[in-house]
Structures are given as C-alpha cells and as structure tokens.
Amino acid sequence: MVNTKVMLCGIELDNPVIPASGTFGFGYEFAELYDINCLGTFSFKGTTKDPRFGNPTPRIAECESGMINSVGLQNPGVEAVIAEELPKLKKCFSKPVMANVSGFSVEDYAYTCEKLDGQEQIGWLEVNVSCPNVHGGGMSFGTSPEAAAQVTKAVKAVTKKPVIIKLSPNVTDIVSIAKACEDSGADGISLINTLLGMRIDLKTRKPVVANKMGGFSGAAIKPVALRMVYQVSEAVRIPVVGMGGVSNAEDVIEMIMAGATAVEVGAANLVDPFACRDIVENLPKVMEKYGINNLNEIKGCAHNG
Ligand code: SIN
C-alpha cells in the first residue's frame, strides 16, 4: 500500500491534492456531488475585506487547451465568509481549509488575514498577490520583490497560522520575488497563478472578455508552471505548492518531482467537477505504476543530477 500523505507547513494532508481558489467555491457546492473529505484540503474563493461584485461579463473565454477568466475577485467579503460560508462548509468538511485572501492595499491584506486567522476551521492563509484581473491591487503586489515582501510582513505581523504567498507568473524573475517572501517570513509559496492573456472575436472584432484581458489557465500552461516550481523550489527552503495545468494524477507526480510539496488543481474542476476526486482515487495506482511508495521520496527528484 503506497503512502500519499504529505506535510504542508506543519499540517499533515492525507494526499497532496488541493482544488485551487476560484475553481471550488466555498467547498459545500461540490459536497453535493461527492464527499470532499477525500481531498488533501482546498483553497476557498479569494476573499477581500469588502464584498465585490466582480468584473463586467463576459468574463470567460475558451481557448485551445485552456481558458481565460476575468472574474475580478467576486466574493461576499470577509465578514460574510466568516458568518455564512464557513458555517456551511463546517457541515460537510472536517479538515483544515486553506483561506485565499486578496487585497487592494497592504492594510487590506492584513485586515482580512487577521480576521480569518481567528477561525479554527482555517489551516493556512494563502495570500494572493497575483490576481491579474483587478486594478490597483492583486498582481501589482506580486510583481516586485519589495511589494510582495511588504504584504508578507504585514500579514505575518497579525497572524499565527502558516502564510503561503501565491505568486504570479507574469514576471521576469520569479525567484527574486519568492526569496523576498521567504526572507519576510512566508511559511510557503504557491505558484503559478494565471498568465495574462486575451482572445479576439472575429465577428465583433473586439476582445471576447469585457475586461479585454484575463488570466489564462488550463493544460497549456503546465510546462511554464513546472519550470517556475522547479526554479523556486531550488531557491527557497520553505514548502512550495505547485499549480498550473494539473489535470490528472501523473501531473501531480510531475509537480512533486519538480519540487512541490502539495499540488493545486484549478481549471480542471471547471471542465469536470469530479476531477479532484478522480485524481485522489488514481494517485495510488499511478504511484504503484512508477514504483513510488511515498511521495516524499520523489519530492524534487528532478533536481538531482
Ligand atoms: C479572479 O477572481 O479574477 C481570479 C482570481 C485570480 O486570478 O487570482
């Protein structure tokens, strides 16, 4: 019997499979389809200080081997997440959940993280400095080492739970940003968020997405994600959560071989709501096929030699 357990920032996961923020709601929506306790954990919808309606529609564009989204951090705001979403989740999920947080100022991030840090259901805070769909926030904090460090320090000053900083691939030097977060006290790094992209409708001669551009995700971005997970895990000592184009158990193993401790699954949940359940079920079989008894024995093995 193979061992799928991994340790993420001091908390043991039954397996490394984590539905990514924005593709799994607040979990209870998927609990109507299957028992979500089979997951390692999941990262809930990006939460901000105030409620947000999100960007104008259309917000989604299909692409070859992927999709573009420009949701714009639609969410009910941190007070409603605590008062309404977390109690609903508690009825169907007994494991620690990952809280995903976005902001428009350093103070916003600190405020929302401090509130969520007080919730016993929450295991980790995933701080998103990489949303490409909003102005004056999100990705603007994740494209410079200084700004990412500022957010990390402010959040760490008001929280006790592990803080994982979610990075953007839309940068020239991902390693310097990851290292700035680590040096500022981050407990982990997750990457990659979406790649800024666009599509144009030949009939209307206009961008498909109302916001013109959006975040590209899906199978097509996996090689970029793997490369960045490899580079960052080589440079930092804190755990790395890999994501980007993961859609099956083989992809999970590939991410771990690149250096990831755990793996998030995003767009695949929107193609097939059972994707993560199936990955969890298939992971032991794929491990057996490749002679892997324990995921820790292959973590970062692609760096050897
Ligand atoms: C969104 O809500 O726009 C997506 C979140 C993200 O890409 O970080």
Side-chain angles (χ1 to χ4, degrees), residues 18-27 29 42-63 66-78 80-81 85 98-105 108-109 112-113 116 124-143 147-148 151-152 155 163-171 174 177 181 189-199 207-218 220-221 224-225 228 241-246 264-270:
I18 305 175
S21 177
T23 67
F24 212 71
F26 286 91
E29 302 91 334
F42 74 93
S43 182
F44 66 56
K45 176 61 193 160
T47 297
T48 50
K49 182 169 178 266
D50 300 312
R52 286 183 54 80
F53 188 70
N55 288 339
T57 56
R59 296 168 168 182
I60 301 288
E62 286 190 40
C63 308
M67 62 175 282
I68 288 173
N69 94 81
S70 178
V71 172
L73 297 173
Q74 179 174 349
N75 80 96
V78 68
V81 167
E85 305 297 338
M98 192 177 283
N100 185 285
V101 174
S102 273
F104 292 83
S105 66
D108 266 11
Y109 279 104
T112 307
C113 285
L116 292 170
W124 311 258
L125 295 156
E126 183 179 52
V127 178
N128 181 3
V129 292
S130 46
C131 175
N133 300 327
V134 292
H135 297 291
M139 195 171 86
S140 58
F141 289 103
T143 45
V151 173
T152 308
V155 169
V163 170
I164 297 174
I165 309 288
K166 181 169 177 178
L167 298 186
S168 171
N170 303 303
V171 295
I174 191 80
I177 296 170
C181 295
I189 299 289
S190 62
L191 77 167
I192 60 174
N193 203 327
T194 52
L195 287 148
L196 193 60
M198 77 182 294
R199 289 216 63 194
V208 173
V209 165
N211 208 32
K212 296 193 176 82
M213 295 169 202
F216 180 45
S217 60
I221 74 165
V224 179
M228 288 189 160
V241 179
M243 78 188 95
V246 174
E264 292 191 25
V265 181
N269 295 307
L270 307 179

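Hydrogens, waters and symmetry mates are skipped; everything else that's a heavy atom, side chains included, is used. As the structure lists them, so they are numbered: ligands from 1, and atoms in each ligand from 1.
Formation of a donor-acceptor pair under 3.5 Å by the T23 side chain with backbone atoms of A267 is not found in this model.
For the side chain to side chain contact (heavy atoms under 4.5 Å, CB included) with I164, the lone residue among C181, S43, S190 that qualifies is S190. When N133, T194, N55 are each tested for a side-chain hydrogen bond (donor to acceptor under 3.5 Å, both in side chains) with N69, only one passes: N133. For the side-chain hydrogen bond (donor to acceptor under 3.5 Å, both in side chains) criterion with N75, the lone passing option out of T48, D50, N100 is T48.
Annotation: side chain of I165 is in contact with side chain of V129 (closest heavy-atom distance under 4.5 Å). Taking 4.5 Å as the limit, every side-chain heavy atom of S70 sits out of range of all side-chain heavy atoms of M213.
For ligand 1, the 4.0 Å heavy-atom shell contains residues K45, N69, V71, G72, L73, N128, C131, P132, N133, N193.
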